Amino acid sequence: MNGERNRELNQLIEAAIQSFDIPEDLYRLAVRRYEAAGRWLTARAQMRGMAREVYPQGSFRLGTVVRPLGAEAQYDIDMVDRRDVDKSSISQAKLKADVGEDLEAYLLTSPNGQPRLEEGKRCWTLLYRTDPFHMDVLPAIPDPDGRANSILLTDRDVRAWQHSNPIDYAGWFHRTMAEEFAQLRDLKLAEMAAGDVEDVPDWTIKTTLQRSVQALKRHRDLQFLNREAQKPASIIITTLAAQSYRGGGSLYDVLADVTERMPSFIECRGGVWWVPNPVQPEENFADRWGERPELANAFFEWLDRARTDFIAIGSERGLDKAVGALSRGFGDDSGQAAAKSFGSGFTSASQTGRLGVVSAIGALSTTPRYRAPRHTFHGDDAFPE
């Protein structure tokens, strides 16, 4: 792909994904809320002479948060509350009840955000009245049969302990993209003229892998907007994307390559679909596919659609058409954000019909050689060859 065309295309895709990333101010606020709850819970345990560790897991830890759809939708923060007690000394019901009592006591301190507590099947949820997010607190204990960071979680039906290892999983995910992350951090340090790595927080850097996962999750959310029960799990998407990531290349190239390669990492063992946990191979992230075959069908159908939609972003001639493809893949607001990334000249020229082709690769200009039709970033108008 032409270098200038590639640069422009990457700028469009980056702007589109940024539009559904969590804003910096909300990220910082979520961190403050999580840290406040974590400090209080660990301090309470220390007063009792108990060992306890509280830490985030999921998309906040991985840097793959995606803004939820809907005006009233909230960001979901996952927090593990690991109490260092022996498995034989406590039941799942007792563990969950103890964590609930501690959280009730936390609310009596009138924490910022004015949260209220709600019980779920396997966790407790802090619902913040003043903030656009909620925090799921998962009770856990160490897994005596697993690795150092392995934990046991309460089961939905309170039958068997569930194995997990979010710390090692996050470590695996970040190692996968370590080289690109280091390069991006060095570039950012150079741009800031900063001499200390601490001046560039890790969460402010987004690799092409992280952006690709965000793109896949947003595309999924749109496709399953009215089919929530069949929506592919984020852990499956994230795992397959990281396994498919080969490093290097532009954002568009990585996104297209990852989406193309993801099916090759799905196994079929004795007629059962498997997406093994890379740090705990005995755990199958796709275990529900065996119980509900429609989930597997929904996943493969969605992935085919994602591959088609992502390829269309780069195959359309003209950034005007690429914006339309982004709108179809990520939503109209993301398409608009992509267009605005080129400045008011791009947007106003498109609205007045002054946008046109200046080269055979389809680059756009506000002083065209060939007139482009007026459009509204929805991809409805045919762009002239």
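Being a predicted model, the structure only gives us computed values, none of them experimental.
Counting heavy atoms of neighbouring residues, nucleotides and ligands inside a 6.0 Å radius, atom CD of Q74 exceeds 12 of them. The 12-atom threshold is exceeded at CZ of R44, counting heavy atoms of other residues, nucleotides or ligands nearer than 6.0 Å.
Judged by distance alone, the side chain of D143 and the main-chain N or O of L152 form no donor-acceptor pair under 3.5 Å. Side chain of T238 to backbone of I235: no donor-acceptor contact under 3.5 angstrom is found. With hydrogens and angles ignored, the 3.5 Å screen pairs no side-chain donor or acceptor of R67 with any backbone N or O of I22. Of the possible donor and acceptor atoms, one in the side chain of T308 sits under 3.5 Å from a partner among the backbone N and O of D304. With Q210 contributing its side chain and L62 its backbone, the two residues share a donor-acceptor pair below 3.5 Å.
Remark: R269 CZ to N284 CG distance equals 7.0 Å, nearest 0.5 Å. Atom OH of residue Y75 and atom CE of residue M135 lie 15.0 Å apart, to the nearest 0.5 angstrom. Here CE of M177 is found 11.5 Å from OG of S212. Values are rounded to the nearest 0.5 Å. The structure places CD of E294 at 6.0 Å from CD of Q230, a figure rounded to the nearest 0.5 Å. Annotation: the span from T125 atom OG1 to I77 atom CD1 amounts to 11.0 Å, rounded to 0.5 Å. For the atom pair S150 OG and N165 CG, the distance stands at 4.0 Å (nearest 0.5 Å).
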Exercise. Going through the checks in order, is the side-chain hydrogen bond (donor to acceptor under 3.5 Å, both in side chains) test met by S164 and Y169?
Worked result: CA-CA 9 Å; S164 187; Y169 181 91; over 6 Å; no
For this session: Could you walk me through whether K206 and D21 pass the salt bridge (charged side-chain N to carboxylate O under 4.0 Å, His left out) test, one step at a time?
Result: CA-CA 10 Å; K206 290 296 175 68; D21 198 351; 2.7 Å; yes
For this session: Could you please spell out the steps behind the side-chain hydrogen bond (donor to acceptor under 3.5 Å, both in side chains) verdict for D168 and N149?
Result: CA-CA 7 Å; D168 285 353; N149 293 317; 2.8 Å; yes
For this session: Verify side-chain contact (heavy atoms from CB on, under 4.5 Å) between H174 and F181, making sure each step is shown before the conclusion.
Result: CA-CA 8 Å; H174 286 109; F181 176 86; over 6 Å; no
For this session: Assess whether side-chain contact (heavy atoms from CB on, under 4.5 Å) is satisfied between F299 and V275, documenting all intermediate values.
Result: CA-CA 12 Å; F299 177 86; V275 178; over 6 Å; no
Problem set entry | Derivation and outcome, side-chain hydrogen bond (donor to acceptor under 3.5 Å, both in side chains), residues T208 and E180 | CA-CA 8 Å; T208 53; E180 182 186 358; 2.8 Å; yes
Exercise. Stepwise, does the side-chain hydrogen bond (donor to acceptor under 3.5 Å, both in side chains) test hold for S334 with S19?
Worked result: CA-CA 6 Å; S334 297; S19 73; 2.9 Å; yes
For this session: Before giving the answer on side-chain contact (heavy atoms from CB on, under 4.5 Å), spell out for H163 and E282 the whole-Å C-alpha distance, their side-chain angles and the decisive distance to 0.1 Å.
Result: CA-CA 10 Å; H163 301 267; E282 67 275 11; 5.7 Å; no
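By the rule that hydrophobic residues join a cluster once side-chain heavy atoms approach within less than 4.5 Å of another member, V31 and L127 end up as members of separate clusters. Side-chain heavy atoms closer than 4.5 Å link hydrophobic residues (I, L, V, M, F, W, Y) into clusters, and following such links, even through other members, never connects W274 to W289. Put simply, L117 and Y128 are part of the same group of oily side chains (I, L, V, M, F, W, Y) that touch within less than 4.5 Å, one to the next. Taking hydrophobic clusters as Ile, Leu, Val, Met, Phe, Trp and Tyr residues chained together by side-chain heavy-atom distances below 4.5 Å, V99 shares a cluster with L107. By the rule that hydrophobic residues join a cluster once side-chain heavy atoms approach within less than 4.5 Å of another member, L222 and V66 end up as members of separate clusters.
One finds no salt bridge joining D78 and R61 here, because no Lys/Arg side-chain nitrogen approaches an Asp/Glu carboxylate oxygen to under 4.0 Å. Ion pair R28/D25 not flagged as a salt bridge, since none of the NZ, NE, NH1 or NH2 atoms sits closer than 4.0 Å to an Asp/Glu carboxylate oxygen. Here R116 pairs with E118 in a salt bridge; the nearest charged N to carboxylate O distance falls below 4.0 Å. A salt bridge links K96 with E119; the closest basic N to acidic carboxylate O contact falls under 4.0 Å. Between K231 and E228, at least one side-chain nitrogen of the basic residue sits less than 4.0 Å from a carboxylate oxygen of the acidic one, meeting the salt-bridge criterion. Salt-bridge formation is detected for the pair D102/R52: a Lys NZ or Arg NE/NH1/NH2 atom is positioned less than 4.0 Å from an Asp or Glu carboxylate oxygen. Comment: K87 does not engage D145 in a salt bridge, judged by the lack of any side-chain N to carboxylate O separation of less than 4.0 angstrom. The pair R82-D84 counts as a salt bridge, with a side-chain nitrogen and a carboxylate oxygen less than 4.0 angstrom apart. A salt bridge links R83 to D98: one of the charged nitrogens lies within less than 4.0 Å of a carboxylate oxygen.
Counting heavy atoms from C-beta on, the side chains of K188 and R185 never come closer than 4.5 Å. Counting heavy atoms from C-beta outward, D81 and Y55 have side chains that stay 4.5 Å or more apart. Here the side chains of L126 and F133 are not in contact, with every heavy-atom distance at 4.5 Å or above. Two residues are said to be in side-chain contact when any heavy atoms from C-beta on lie closer than 4.5 Å; L303 and M262 meet this criterion. Under the 4.5 Å side-chain criterion, counting only non-hydrogen atoms from C-beta, H134 is in contact with D76. In this structure, the side chains of D309 and H219 come closer than 4.5 Å at one or more pairs of heavy atoms. Contact of the P276 side chain with the F285 side chain is not registered, since no non-hydrogen atoms from C-beta on lie closer than 4.5 Å. Using a 4.5 Å heavy-atom threshold, the side chains of N112 and R33 count as touching.
Results of the side-chain contact (heavy atoms from CB on, under 4.5 Å) test with I313 over V323, L12, L9 single out L9 as the only residue that passes.
Taking the six-membered ring wherever Trp is involved, the centroid distance between the rings of F300 and W273 falls below 6.0 Å. A centroid separation of 6.0 Å or more is found between the aromatic rings of W203 and F60.
By the 6.0 Å and 45° rule, R220 does not stack over the aromatic ring of F224.
Checking Y245 against T207 by side-chain atom types alone, no donor-acceptor pair falls below 3.5 Å.
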